[in-house]
Amino acid sequence: MTRGRIRSKIRRSNLYTFSCLRPQTTDTEGPNTVQGSRVVHCNQPQLHLKKPLKYCSNFISTTKYNVVTFLPKAIFEQFRRVANLYFLLAAVLSLTPISPFTPVSMIAPLAFVVGLSMAKEALEDSRRFVQDMKVNLRKVSVHKGDGVFGYRPWHKIRVGDVLKVEKDQFFPADLLLLSSSYEDGICYVETMNLDGETNLKVKRCLETTLSLDDDESFKDFLGKIRCEDPNPNLYTFVGNLEYDRQVFPLDPTQILLRDSKLRNTAFVYGVVVFTGHDSKVMQNATKSPSKRSTIEKKMDYIIYILFTLLVLISLISSLGFAVKTKYQVPDWWYLQPNKPDGVFDPTNPSLSGFYHLITALILYGYLIPISLYVSIEVVKVLQATFINQDIQMYDEESGNTAQARTSNLNEELGQVDTILSDKTGTLTCNQMDFLKCSIAGTAYGVRSSEVEVAAVQQMAIQEEDVDLSNFPKRRGGRHVSRDNVERASEIELETVITSSNENDLKPTIKGFSFEDSRLMNGNWSKEPNADVHLLFFRILAICHTAIPEYNEATGSFTYEAESPDEGAFLVAAREFGFEFFRRTQSSVFVRERYTNSGEPVEKEYKILNVLDFTSKRKRMSVIVQDQEGQILLLCKGADSIIFDRLSKNGKVYEETTTKHLNEYGEAGLRTLALAYRKLEESQYATWNNEFQKAKTSIGGDREAMLERISDMMERELILVGATAVEDKLQKGVPQCIDKLAQAGLKIWVLTGDKMETAINIGFACSLLRQGMKQICITTTNSDALVKDGKEGAKENILNQITNATQMIKLEKDPHAAFALIIDGKTLGYVLDDNMKHQFLGLAVDCASVICCRVSPKQKAEVTRLVKEGTGKTTLAIGDGANDVGMIQEADIGVGISGVEGMQAVMASDFSIAQFRFLERLLVVHGHWCYKRIAQMVCYFFYKNIAFGLTLFYFEAFAAFSGQSIYDDWYMLLFNVILTSLPVISLGVFEQDVSSEVCLQFPALYQQGPKNLFFDWYRILGWMGNGLYSSLVIFFLNIVIFYDQAFRVGGETADMEAVGTTMFTCIIWAVNCQIALTMSHFTWIQHLLVWGSIVTWYLFLFLYGMMSPLISGNAYQILVEVLGPAPIYWAATLLVTITCNLPYLAHISFQRCFNPMDHHIIQEIKYYKKDIEDRHMWTRERSKARQETKIGFTARVEAKIRQLRGRLQKKHSSNLSAS
Amino acid sequence: MMSSNTASSSAAVAGSADSAAPRRNSKKPKYSRFTQQELPACKPILTPRWVISAFLLVSVVFIPIGVVSLFASRDVVEIVDRYDNDCIPDNTTDKVNYIQTPGDKSCNRNITVPKRMKQPIFVYYQLDNFYQNHRRYVKSRSDAQLRDNSSASDTSSCKPEDMYNGKIIVPCGLIAWSLFNDTYSFSRNSSQLNVNKKDISWKSDREHKFGSDVYPLNFQANGTVIGGASLNSSIPLSQQEDLIVWMRTAALPTFRKLYGKIEVDLEPNDVISVTLQNNYNTYSFNGKKKLVLSTTSWLGGKNDFLGIAYLTVGGLCFFLALVFTLVYLVKPRRLGDPSYLSWNRNPGGR
């Protein structure tokens, strides 16, 4: 009887967390005072068609432009760039007589460049539009009147509509929850898209609307909501519902936010409050910051240099013009100086000079390549396409490819110095596998964790090394064969780990990798202490808050659990024969099978109370009553907590279990201890009374009281055993980290997890290893804190940092490695103060850095600290919304796609499906893109200097009058067609070494971070080369065509003939130059480079065919004038060779006598030495890496060193003994 | 260059919905050697052998070309006679005034032929310090007008020599207006040497750029400012070859233009007497005027530079090849020698 009453009192919701316990007192509170003016008429959307109740529609648009605004807005965007503005100004001026060119030759390239950028912009925007439309056209069930619901696309939803949202659907707008499929009107919501939290949140409706739980009941439902105006605050909501002539206050627990997802609940009814851009999530949408790569920033400086040069020569030119105009031109009767026009007036030379300055600025504008921007844009888009198309970065499981979401950071990938990585979802899968357990002091589970696999590998290597260490030594004490061993071990390691991965990643049962015949198939009943085993399994099956779900396809149950650990426990329990299959309001039903052959028995456990898991309590308990009436408290929690609460007779297995727990911890597993307590009915009843009282009490100390009362119950426990769950690493993570470390990258892990878990993962990823000195920086015990407050804590931290720095400085062993581990709280102190730089200094000295318990904001702050403190390129990688800050803050943000939330991906610059693809993204694509862009930019400046300066030289011979020696059309085509395609092919297709070699020789990656290809030496070298070429091209031609006849027919060369020959020389010289620069010729490069030269002749031919009104003096120039003249061809040959000679000599000498790494590797590949001399090849491969202290190769080396040390000691002791 | 990704959570939702969709396989990139950047490629590397052969090849090709060019240039016989100072009467103080005053300004010059000159012998006039490449000058012409009678009024580009008293000028512009107007006639041993003034311009110019129906109009009608030569207004422009040659503006302030051809051989020590009309004003700007008689080779006129340049570059390449060989012999490097890899060169300091 009492029991029955108790049960009737327990509402279902009471089974859930404290947080969802609603104080019973809300009814007495008055309605909220609402600040805003928003009024929503529930179920009367038609009222919202007219003003003032007309709110924005649910149509969302994230596009920048629409059809009408595109042109003005996009053009405005384009001309916000200084370079474009300069070119626009030049184009406008070209319409005036000041311009040295015809207007078309200025306007056409600008239109091309701007048009292309705008086309790219339009394409990107149209993609966004398509995405928006996909969202807008998603369907949801809407009340259409008379209790009938029908589907309607999202964008047609209006404020006031009543919606029915089903399980696993997203909410299309911000809704007021009216009722749910659960009779107490709660529902579960996943808010990953909003805040990155993976745990489910509970929402519950008002009591008054509970009855509206089927379609019919909405027939005459009417209500009025007055609430706040749209705002971006996700966690507040103020409003009142007027319903049934009463006013009810509303709070955030009744609000379902757009883009969160309904989970574990069949359906909910809700009324739309905020639509479209009024919804909280859309109010939160931020623009991601635009990022620019280091090369691009440096390019700006080059542009400044060139601009200075431009201004300088323009000044010289205009000064020359003014002087000539003043002193000489009055005598040049053939110019009719007595008939001045606006820009040419010998009587006013300073004005003429000023006009001429503008002319000159336009004329020499070729120094600042207008096409550089567009070429880079094109190249980057193509590079991005290659990244997107890379089949080796395609993930079969999720079906996602790598995506370069912003193409302007490609080359930055090749210069990364520090990687900041998230843990969950990035390094680990957030999937827990039940791997081992300890029951009644016996350890079960034979399968090894990944950490153990690695340890076993090390052992194998040790043995091998011992065998080989007796071999004769080579210089420097290196073993001849050591490299071999190392290599062999590496290979073995790789294969073993991959194979183990395969086994582990596709276990027959998800979440269960346990293997031990002693427990499986009901064999546990034959073990001693079978009753303890039974209890262990029952705890697994009962002590949780999950909901089972029958899967029709497989015929088994899947579990909707709040955390993956819990899911793993339930799966494990099922596999052991305790299948949890039904949950009602008050009971948990379990099918128990005691032997393999035996029929399962259905058992009902009445749930009396649930004492929820919180991070503070670190434990969770349920109080159940089984069918025999026995009341039990089942508890699981962190070992330290549980061990504190054991009763005297409950400590039987404590010692052995502790031992096992330590082993599990070392193996990188997550552990929990399980315990129980038997309760007398009367004992429970007294406690429950108090508990209920506390629950219904009012006031701020309610929570504390509840906690205290729960704590009273969770005592005198009896230990049953412990579980060990493996936090699965993502596929290939250790190998990838190893390779990245070899490429000289530093890896920091920033995680929200607790320190122990983070350290476990550190071990699993080889970021930590035995023998590494771990520097833990934490805020010490609370006493100190209380005493000295904040200041004391800070001082304490500073001391720790200084001590650690000192320790590292004093360390003599070159192989000593340090790991820095710091928690979020400490980090909070460190970051907000001038300790930052000491901390950074320390962190840079450490081989690996792990920050645990950090908030999303701190992640971003750490990233900024590294970025700004070291001045090096940082890359942040993460998968969740909590990583968005760090992804946006880092120089490059990489998002892991494939998991559900796409927040990180949307904020990222690149997205990959798995962490392991990072290796290829950086080491292959990054390396290539860096070199391509660097070479391309250098070449671009060379080309334009070589061309632009010839214009200046000619000026000096043309009285600085602003006349160009080339036809306008030549100049127009120079950048647009004749020389742009080869340079684009350089930027898109160039490969110094193949992708395999990039991966095999990670050390090559360092060419990027060291910036070997875009340093000032190289840039100035290229500029010098351009200067030289311009001199050669101009003066050789001028002297060759000086004044004598240039043909057998006695004709002398006019300006057109000289200009065309000069231009031919330029085309040849720059195209031969690029051919010398390239090291990789596919048919495309051949076609484009040589095709450009052919195009030039073709153009000249066709241009000559056109009416003389268009071609002017170039009419028939190739066919009639230049083609038959041998001197034209002789000059071309001479000038081309002379231009390229110094560069050829330079690279030949450099290559022969001071080769770079990629040169040697190219040669090895060219002579197929890698096939002939495999030994050398593998040896070099293993050496080709940066000195690193992390990754498993470093781990193996450390082990070898340790062993050799021991061996030497042994030897010496043996010697001394003998 | 510009980042424009608005992080939109709604779009994010769309993305996540995609990944769950059954079209996962369609997203798999199709394999092709192009998209995987595995196209067959030739990867030439600069081996010492290549470098040395390249340098040698250049020198082997260049030196003969240089020699041949030099010989060709040396074969050309060229006589240059500067006459601008000598053709002014000795007592003239104001040269500019003299040249601007109408009257007979004939002048006799004797030229001795140094070597045998085979016909055709080209007669040039050479001007110095005359900026035909000045922008104001170059632009002052109307191609449309020159070509077609119907475009005669198209003189907008000809300023300041476009109109005279409201009447259009054909051919308009500064270039045509300043047409060179010294004339030469030659005689050897008091027998007239015929100067052929036909075909001294480009054929395409005569046929397509200067119209056969375009006749000079109001040309040099402006008496106050003296220009150059006048044109016979009954001859169409397509036959006014001096004008056609002149209209091809020169690239440098020193230039020659073809005047005519003498189509008989001249023997050594022949004395040629030239009767010239010294009309053209180069005195205002101190320009020189020269009369040039020259033969041509297959490379054109006399200019040793091309040959010398070829020889220099060829020699330089030969020298480079030698140096390279020497250095290589002194300090050879086996190709693909791994000991040159950076991690092998300075172990420890990597």
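Worth knowing before you read on, the calculation uses all heavy atoms, side chains too, and leaves out hydrogens, waters and symmetry mates.
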- Message: Using side-chain heavy atoms (C-beta onward) and a distance below 4.5 Å, is A:D1043 in contact with B:Y124?
- Response: no
- Query: If you take all heavy atoms of B:P44 and A:F1081, which pair is closest and at what distance?
  - Reply: CD-CD1, 3.8 Å
- chain A contact via B:L299 - side chain, backbone, both or neither, heavy atoms under 4.5 Å: both
- Query: To the nearest 0.5 Å, what is the distance between NZ (A:K1165) and CD1 (B:I45)?
  - Reply: 12.5 Å
- Message: Suppose we call two aromatic rings close when their centres sit under 6.0 Å apart. Are A:F1153 and B:F324 close by that rule?
- Response: yes
- Do you know which of A:T359, A:L1144, A:L1133, A:I1038 has the most heavy-atom pairs with chain B at a distance under 4.5 angstrom? A:L1133
- Message: Taking side chain as everything from C-beta outward and backbone as N, CA, C, O, which of these in B:Y137 sits under 4.5 Å from a heavy atom of chain A? Side chain, backbone, both or neither.
- Response: both
- Query: How about A:T401 and B:K28: do any of their side-chain heavy atoms sit closer than 4.5 Å?
  - Reply: no
- Given side chains that start at C-beta, do those of B:L252 and A:Y1042 come closer than 4.5 Å, heavy atoms only? yes
- chain B shares the most heavy-atom pairs under 4.5 Å, among A:G1059, A:G1112, A:A1125, with A:G1112
- Kindly say whether B:L46 contributes a backbone atom to a donor-acceptor pair with the side chain of A:E1163 at under 3.5 angstrom? no
- Query: Out of B:L320, B:N281, B:D148, B:V96, which one racks up the most heavy-atom pairs below 4.5 Å with chain A?
  - Reply: B:N281
- Query: Using non-hydrogen atoms only, which part of B:F285 is less than 4.5 Å away from chain A: side chain, backbone, both, or neither?
  - Reply: both
- Message: For the interface with chain B, which of A:I1164, A:I1160, A:T1052 has the highest count of heavy-atom pairs at distances below 4.5 Å?
- Response: A:I1160
- Looking at A:G1049 and B:L258, what are the two nearest heavy atoms and their distance? O-CD2, 4.4 Å
- Query: Hey, does B:R248 have a side-chain heavy atom less than 4.5 Å from the side chain of A:N1113?
  - Reply: yes
- Please step through side-chain contact (heavy atoms from CB on, under 4.5 Å) for the pair A:Y1166 and B:K43, ending with a clear verdict. CA-CA 8 Å; A:Y1166 186 79; B:K43 301 167 191 165; 5.5 Å; no
- Distance col, row B:T47:OG1 vs A:Q1162:CD, nearest 0.5 angstrom, shows 12.5 Å
- Query: Looking only at heavy atoms, which two atoms of A:I965 and B:A251 are closest? And how far apart?
  - Reply: CD1-CB, 4.5 Å
- Measure distances from B:P40 to the heavy atoms of chain A and classify the residue's part below 4.5 Å as side chain, backbone, both or neither. backbone
- Side-chain contact, heavy-atom cut-off 4.5 Å: B:V51 with A:F1149? no
- Message: Rounded to the nearest 0.5 Å, what separates atom CG in B:D143 from atom OG in A:S1107?
- Response: 9.0 Å
- Message: Please classify the contact of B:Q37 with chain A as side chain, backbone, both or neither, using a heavy-atom distance under 4.5 Å.
- Response: both
- Note on the structure: In short, B:L306 meets A:A1130 closest at the heavy-atom pair CD2-CB, 3.9 Å
- Message: Is B:F130 close to chain A through its backbone or its side chain, or both, or neither, when contacts mean heavy atoms under 4.5 Å?
- Response: both
- Message: Let's test your reading of the structure: which of A:M1078, A:Q991, A:E1056, A:Q392 forms the most heavy-atom pairs below 4.5 Å with chain B?
- Response: A:Q991
- Message: Do A:Q1044 and B:V76 have side chains that approach each other closer than 4.5 Å (heavy atoms only, starting at C-beta)?
- Response: no
- Task: Count the heavy-atom pairs under 4.5 Å between each of B:A250, B:S204, B:S178 and chain A, then report the option with the highest count.
- Result: B:S204
- Query: When rounded to the nearest 0.5 angstrom, what distance separates CD in B:Q132 from CG in A:L335?
  - Reply: 10.5 Å
- Query: Does the B:N303 side chain pair with the main chain of A:V1039, one donor and one acceptor, at a distance under 3.5 Å?
  - Reply: yes
- Note on the structure: Rounded to the nearest 0.5 angstrom, the CZ-CD distance for B:F34 and A:Q389 is 9.5 Å
- Of the listed residues (A:L1036, A:V1058, A:I1040), which shares the most heavy-atom pairs with chain B below a 4.5 Å separation? A:I1040
- Measure across B:A41 and A:T1082 and return the closest heavy-atom pair with its distance rounded to 0.1 Å. CB-CG2, 3.6 Å
- Task: Using non-hydrogen atoms and a 4.5 Å limit, figure out which bit of A:N388 sits close to chain B: side chain, backbone, both or neither.
- Result: backbone
- Do the side chains of B:F62 and A:L1134 get nearer than 4.5 Å, heavy atoms only? yes
- Query: Which atoms of B:L316 come close to chain A, meaning under 4.5 Å heavy atom to heavy atom: side chain ones, backbone ones, both, or neither?
  - Reply: side chain
- Can you tell me how far the CH2 atom of B:W177 sits from the CH2 atom of A:W333, to the nearest 0.5 Å? 5.5 Å
- Task: Sort B:S294 into side chain, backbone, both or neither according to what part of it lies under 4.5 angstrom from a heavy atom of chain A.
- Result: neither
- Message: So which residue, A:W1083, A:F386, A:F957, ends up with the most heavy-atom pairs under 4.5 Å with chain B?
- Response: A:F386
- Task: Verify side-chain contact (heavy atoms from CB on, under 4.5 Å) between A:H1086 and B:C42, making sure each step is shown before the conclusion.
- Result: CA-CA 10 Å; A:H1086 279 304; B:C42 62; 3.5 Å; yes
- Task: Side-chain contact test, heavy atoms from C-beta onward, threshold under 4.5 Å: evaluate it for B:K203 versus A:E1120 and give yes or no.
- Result: yes
- For the residue pair B:Q36 and A:D390, what are the closest heavy atoms and their distance? OE1-OD1, 3.4 Å
- B:D199 versus chain A, heavy atoms under 4.5 Å apart: side chain, backbone, both or neither? neither
- Query: Non-hydrogen atoms of chain A under 4.5 Å away: do they reach the side chain of B:K331, the backbone, both or neither?
  - Reply: both
- Query: With only heavy atoms counted, which part of A:V1119 is less than 4.5 Å from chain B, the side chain, the backbone, both or neither?
  - Reply: neither
- Tell me, side chain or backbone of B:V327 under 4.5 Å from chain A's heavy atoms, or both, or neither? both
- Where on B:Y280 is there a heavy atom nearer than 4.5 Å to chain A: the side chain, the backbone, both, or neither? side chain
- Report, as yes or no, whether the 6.0 Å neighbourhood of atom CH2 on B:W50 holds more than 12 heavy atoms from other residues, nucleotides or ligands. no
- Among B:Y328, B:Y283, B:W202, B:F55, which has the most heavy-atom pairs under 4.5 Å with chain A? B:W202
